[in-house]
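Here is the structure we will look at, set down as structure tokens.
Because only heavy atoms are used, hydrogens play no part in the values below, and waters and symmetry mates are left out as well, while side chains stay in.
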Amino acid sequence: MKRRRRCQEWSGFAVDIQCARLARHDGSHGASPSSDYGRHWAWSDADLDAITVLPGTVWFHETPAPGPRSRAFRVCEWVARALTGAGFWYLSGPLCAAVYFGLATLLSVRRPHFVDVGRFTAGVFLVSRRNFPPIFAFGFTRYGPQADALRSGLQIVFGPVSLMVCALLPRNEWADFQSRNAERAAKRKAAE
Ligand SMILES: [Zn+2]
């Protein structure tokens, strides 16, 4: 069977998706978020960020279905991890095993996870394929896209996974944001 190749173009930064048409297709690039979705995003090489939504499903037939891995797979994964961890413990002690466990768990992340604590948020997520990162990177996160925006936290990239701890808003804006939220909640309550 002849294997059909997929178009290798990715959309611009705003919505980061790979074209789901066949390689060397005519016209604009396009992709649907799932195989049964009746619409697709389309974009052209001229302007990667100008994305339009059009009717019709565009889905590459060999795209693996996104979703959780099977239970058997996860059990095998955990058994393999436990055995490897035990091996590390036996050879180099508990610290080495703990580091191994941390990295193995981190690299098995497939969907973003975030936890908010007051003004701060911490999370792990997969780095966009299009901006594929170096093996290890470390840097500050900022409040805005401008180069002189204030630093808001730290980000570590390890392989395809990024760890981030940062503030959602600067301290002076946070008080404002809280009071506006409280106002809105009060109004909603009054309307009920
Ligand atoms: Zn394409």
Restricting to ring pair (Phe, Tyr, Trp, His ring centres under 6.0 Å), what partner residues turn up for W89, sequence neighbours left out? none

Where is the tightest heavy-atom contact between S32 and G56, given as atom of each residue plus distance? OG-O, 3.9 Å

Closest contact, heavy atoms only, H29 versus C7: ND1-SG, 3.5 Å

Is T57 reaching over with its side chain to a backbone N or O of Y37, donor-acceptor style, under 3.5 angstrom? yes

Taking the side chain as every heavy atom from C-beta outward, state whether S162 and Q155 have any atom pair closer than 4.5 Å. yes

I'd like to know whether F60 forms a side chain to side chain contact (heavy atoms under 4.5 Å, CB included) with C19, so could you lay out the CA-CA distance, the side-chain angles of the two residues, the decisive distance to 0.1 Å, and finally the verdict. CA-CA 8 Å; F60 188 67; C19 177; over 6 Å; no

Would the distance check show the side chain of R6 and the main-chain N or O of Q18 forming a donor-acceptor pair, the cut-off being under 3.5 Å? yes

Criterion side chain to side chain contact (heavy atoms under 4.5 Å, CB included) on F158 and L107, from CA distance to verdict: CA-CA 8 Å; F158 185 78; L107 289 176; 3.8 Å; yes

Between the main-chain N or O of Y100 and the side-chain N or O of R81, is there a donor-acceptor pair closer than 3.5 Å? no

Side-chain atoms of residues 112-125: list all donor-acceptor pairs with protein atoms under 3.5 Å, sequence neighbours left out, distances to 0.1 Å.
residue, atom, partner, partner atom, Å
H113, NE2, R111, O, 3.3
D116, OD1, T121, OG1, 2.6
R119, NH1, L169, O, 2.6
T121, OG1, V115, O, 3.4

Just wondering, do L154 and F138 contact through their side chains at under 4.5 Å, heavy atoms? yes

Gap between atom OG1 of T105 and atom CD of E77 - 0.5 Å precision: 9.0 Å

